[in-house]
Peer 1: 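Structure provided below as structure tokens; questions to follow.
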Amino acid sequence: MLKTAILAALSVFICFGGNWLWGQTMIERPLVVGLVTGLIFGDVRTGVMMGASLEAIFMGAVDIGGALSAEPVTATVLATTFAITLNVNQKAALAIAVPIGVFAAFISMFMKNVVMNLFAPIIDKLAAANNQKGLVWAHFGMWFLNYFVFSLVTFFSVLAGAKPVQHLVNSIPKNLMAGLSAAGGLLPAVGFAILMRMLWSKKLSPYYFLGFVLAAYMQLPSIAVAAIGIIIVVIQWQRDKQIMDLENKQNTQGTLATETNISTEDQEEEDFFS
Amino acid sequence: MKITKNVSTEDRKMLNSIFWRSFTVFASRAGATKAHAPGFMYSILPAIDRYYKDNDKAQADALTRHTTWYNITQNVGTFVMGLVASMEKKNSEDPNFDTESIVALKTSLMGPLSGIGDSIFWGVLRVIAAGIGISLASQGSIFGPILFLLIYNIPAILTRYYLTYMGFTLGDTFISDMYKSGSMQLLNKAASTLGLMMIGCMTATMVTFKSKLSIPITGGKPILIQTYLDQLWKGLVPLAVTLGCYWLLSKKVNVNWILLGVLVLAIVLGLVGFV
């Protein structure tokens, strides 16, 4: 179990730390974390499939503007670890992952906003002294500290949690299991809702339903929906650009018209709408 | 590309260095007051070293300037880094340069740039990449995660690279010109349209619900609730739950409560034998 715990912690460090050390290249997304954890534990197929399910749930778990939402990396690593090493049913492992993600988000917030505050005065001092070497050390030192502590959380979770989790899963009654499976199916809704908040406007909302109908009734694969979307966007862009250019033109002509003769402007407007 | 060719060799060397360092910009986080200031300072060190050569005092001043709060979507943040480099250059040449304008401009760009960056990279590109990645990965294919990484990262890294140069050469008027001419609004609208369509598509394919409840009929086949739900509107429950979550979010309900709420709802439905 010690070896499993170390490997799981390593997986968190590689994916979470690596993502933020190197350009937010999305290796912290469940889709990739599942693959990495699967590789580490020697079961790529389970890892990739767990990653796919968790990606759908955590798709909207974006740390925008410091809003607290569930933390996907720890959740994915633990769920995948339990699914592979304890042979826990994949759907049950998913349902266990969500509360863990919420708990991990609190630790993440605590590290980011409380512990890391201690470094703020150090940065000020180093800058005032033009100590560039010190700044570089502080920058990467903070990185290591943050993600090392985070990996420890995973380490202890696996070490302490594996037996109780296995016991718990073995004793889950059939009805509860069905509920947990249903939860795995419905939870992505939350993620999509968060994304919609970023993009939703009343005028554009029909496109959401268009995407839904194309997939639900026409059974189109997501690549086809994306292609149709791009075509719509190109058409929309050309038309909007035309309208915008016309408006700009009209505005400049309009100001001229008000100076000379107001009726010309009205006439033009009528021409435009006819 | 033309934009990288109009730059002198030394400038190009410096900008490339800023581009590479910018990958680590969010590695550290110096608390709630500075956020990613250390990463920003590390990224623009090449400019500070170059323009205030052998001037310890000026270098310390420049570094102190940049200890303020910094946070922008990574891939568009390099625009600000290039812009700051060009302003530090002007400052080193002109003794009357107002250094406060550097920080003011940097700060004022964070909001609009993150707004456009978040919606394009997080709301659209990542969603499309994940949508395609998930559909492959859910069958256990390793191409799922690989395709996801490629679809997201190729445009993201190209943007990061060219914006470093654009910030340096086009300067502070570029963004406001984009807004004034209206192309920023067009870009936003295009991104939102595509993003919403993909989210609609994923609501249909990835939010799943199936009721096993059946009503027994004497002398006939039992009626399955799910068949009725499907006849009414395909994916009725997933769509309703998604829109419900959206409604709760817009009422400022905490995300974690909604997550736990959906979990509890599903478990209760399971316990009463609905699913």
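No hydrogens, no waters, no symmetry mates; every other heavy atom, side chains included, goes into these values.
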Peer 1: For the pair A/Trp20 and B/His36, evaluate side chain to side chain contact (heavy atoms under 4.5 Å, CB included) and give the outcome as yes or no after the intermediate values.
Peer 2: CA-CA 11 Å; A/Trp20 295 104; B/His36 302 294; 6.0 Å; no
Peer 1: Using non-hydrogen atoms only, which part of A/Leu126 is less than 4.5 Å away from chain B: side chain, backbone, both, or neither?
Peer 2: neither
Peer 1: Go through the steps for A/Leu214 and B/Met197 under the test side chain to side chain contact (heavy atoms under 4.5 Å, CB included), then give the verdict.
Peer 2: CA-CA 9 Å; A/Leu214 286 178; B/Met197 253 183 90; 3.9 Å; yes
Peer 1: Identify which part of B/Asp49 has an atom lying under 4.5 Å from any heavy atom of chain A, answering side chain, backbone, both or neither.
Peer 2: side chain
Peer 1: Any chance you could measure B/Phe148, atom CZ, to A/Ile27, atom CD1, to the nearest 0.5 Å?
Peer 2: 11.0 Å
Peer 1: Mind checking whether A/Glu55 and B/Met206 have side chains closer than 4.5 Å, heavy atoms only?
Peer 2: no
Peer 1: Should A/Asp124 and B/Lys34 count as side-chain neighbours, where that means a heavy-atom distance under 4.5 Å?
Peer 2: yes
Peer 1: With a 4.5 angstrom heavy-atom cut-off, is it the side chain or the backbone of B/Phe26 that approaches chain A, or both, or neither?
Peer 2: both
Peer 1: Heavy-atom cut-off 4.5 Å, strictly under: side chain, backbone, both or neither for B/Leu271 against chain A?
Peer 2: both
Peer 1: Grab the two heavy atoms, one from B/Val207 and one from A/Ala189, that are nearest each other, plus how far apart they are.
Peer 2: CG2-N, 3.8 Å
Peer 1: Find the distance between CZ (B/Arg126) and CG (A/Leu31) and round it off to the nearest 0.5 Å.
Peer 2: 11.0 Å
Peer 1: With respect to chain A, which residue among B/Val237, B/Asn75, B/Leu239 yields the maximal number of heavy-atom pairs within a distance under 4.5 Å?
Peer 2: B/Leu239
Peer 1: Considering only heavy atoms, which portion of A/Thr25 lies under 4.5 Å from any heavy atom of chain B: side chain, backbone, both, or neither?
Peer 2: both
Peer 1: Please classify the contact between A/Val44 and chain B as side chain, backbone, both or neither, with a heavy-atom cut-off of under 4.5 Å.
Peer 2: side chain
Peer 1: Name the region of A/Leu135, side chain, backbone, both or neither, that has any atom closer than 4.5 Å to a heavy atom of chain B.
Peer 2: side chain
Peer 1: If you count heavy-atom pairs under 4.5 Å between each of B/Lys57, B/Arg65, B/Arg160, B/Gln74 and chain A, which one has the most?
Peer 2: B/Gln74
Peer 1: Is A/Gln236 in contact with chain B via its backbone, its side chain, both, or neither, using a 4.5 Å heavy-atom distance?
Peer 2: side chain
Peer 1: Go through the atoms of A/Val213 and report whether side chain, backbone, both or neither lie under 4.5 Å from a heavy atom of chain B.
Peer 2: side chain
Peer 1: When rounded to the nearest 0.5 angstrom, what is the spacing between CG in A/Leu54 and CD1 in B/Ile134?
Peer 2: 10.0 Å
Peer 1: Go through A/Gln24 and B/Thr73 one step at a time and tell me if the side chain to side chain contact (heavy atoms under 4.5 Å, CB included) criterion holds.
Peer 2: CA-CA 10 Å; A/Gln24 205 178 9; B/Thr73 316; 5.6 Å; no
Peer 1: Between B/Ala190 and chain A, with a heavy-atom cut-off of 4.5 Å, which part of the residue counts as in contact: side chain, backbone, both or neither?
Peer 2: both
Peer 1: Nearest 0.5 Å, what's the CD1-OG distance between A/Ile223 and B/Ser135?
Peer 2: 6.0 Å
Peer 1: Looking at every non-hydrogen atom in both residues, tell me the closest pair between B/Ala204 and A/Ala215 and how far apart they are.
Peer 2: CB-CB, 3.7 Å
Peer 1: If you tally heavy-atom pairs under 4.5 Å against chain A, which of B/Gly39, B/Ser250, B/Gly144 wins?
Peer 2: B/Gly39
Peer 1: Of the listed residues (B/Met198, B/His66, B/Lys212, B/Lys189), which shares the most heavy-atom pairs with chain A below a 4.5 Å separation?
Peer 2: B/Lys189
Peer 1: Is B/Lys210 close to chain A through its backbone or its side chain, or both, or neither, when contacts mean heavy atoms under 4.5 Å?
Peer 2: neither
Peer 1: With no hydrogens and no angle check, just 3.5 Å: does a side-chain donor-acceptor pair link A/Tyr208 and B/Thr203?
Peer 2: yes
Peer 1: Using non-hydrogen atoms and a 4.5 Å limit, figure out which bit of B/Ile132 sits close to chain A: side chain, backbone, both or neither.
Peer 2: both
Peer 1: Measuring heavy-atom distances to chain A, does B/Val241 have an atom under 4.5 Å in its side chain, in its backbone, in both, or in neither?
Peer 2: both
Peer 1: Report which part of A/Tyr147 has an atom under 4.5 Å of a heavy atom belonging to chain B: side chain, backbone, both, or neither.
Peer 2: side chain
Peer 1: Heavy atoms only: give me the nearest B/Ala60-A/Ala128 pair and the separation to one decimal.
Peer 2: CB-O, 3.4 Å
Peer 1: Considering all heavy atoms of both residues, which atom of B/Ala30 and which atom of A/Ile123 are nearest to each other, and what is their separation?
Peer 2: CB-CG1, 4.2 Å
Peer 1: Is the distance between the ring centroids of A/Tyr217 and B/Trp233 under 6.0 Å?
Peer 2: yes
Peer 1: Could you look at A/Leu176 and say if it's the side chain, the backbone, both or neither that has a heavy atom under 4.5 Å from chain B?
Peer 2: both
Peer 1: Please check: side-chain N/O of A/Arg45 versus main-chain N/O of B/Ile142, any donor-acceptor pairing under 3.5 Å?
Peer 2: no
Peer 1: Enter the distance from B/Leu263:CG to A/Leu180:CG here, rounded to the nearest 0.5 Å.
Peer 2: 7.0 Å
Peer 1: Between A/Met196 and chain B, which part of the residue has a heavy atom less than 4.5 Å away: side chain, backbone, both or neither?
Peer 2: both
Peer 1: Contact between B/Ile199 and A/Phe212 at the side-chain level, heavy atoms closer than 4.5 Å - yes or no?
Peer 2: no
Peer 1: Does any heavy atom of chain A fall under 4.5 Å from the side chain of B/Leu187, the backbone, both, or neither of them?
Peer 2: both
Peer 1: Grab the two heavy atoms, one from A/Ala127 and one from B/Met41, that are nearest each other, plus how far apart they are.
Peer 2: CB-CE, 3.8 Å
Peer 1: Got B/Met202 and A/Val225 here, is their nearest side-chain heavy-atom distance under 4.5 Å?
Peer 2: no
Peer 1: Are more than 12 heavy atoms, taken from residues, nucleotides or ligands other than B/Trp20, located less than 6.0 Å from that residue's CH2 atom?
Peer 2: no
Peer 1: Please step through side chain to side chain contact (heavy atoms under 4.5 Å, CB included) for the pair B/Gln185 and A/Met244, ending with a clear verdict.
Peer 2: CA-CA 11 Å; B/Gln185 287 90 316; A/Met244 210 170 69; over 6 Å; no
Peer 1: Work out which heavy atom in A/His139 is nearest to a heavy atom in B/Ser28; give both atom names and the distance.
Peer 2: ND1-OG, 2.8 Å
Peer 1: How many angstroms lie between atom OH of A/Tyr207 and atom CG of B/Leu196, to the nearest 0.5 angstrom?
Peer 2: 10.5 Å
Peer 1: For A/Lys203, is it the side chain, the backbone, both, or neither that has a heavy atom closer than 4.5 Å to a heavy atom of chain B?
Peer 2: neither
Peer 1: Contact part of A/Val48 toward chain B, heavy-atom cut-off under 4.5 Å: side chain, backbone, both or neither?
Peer 2: both
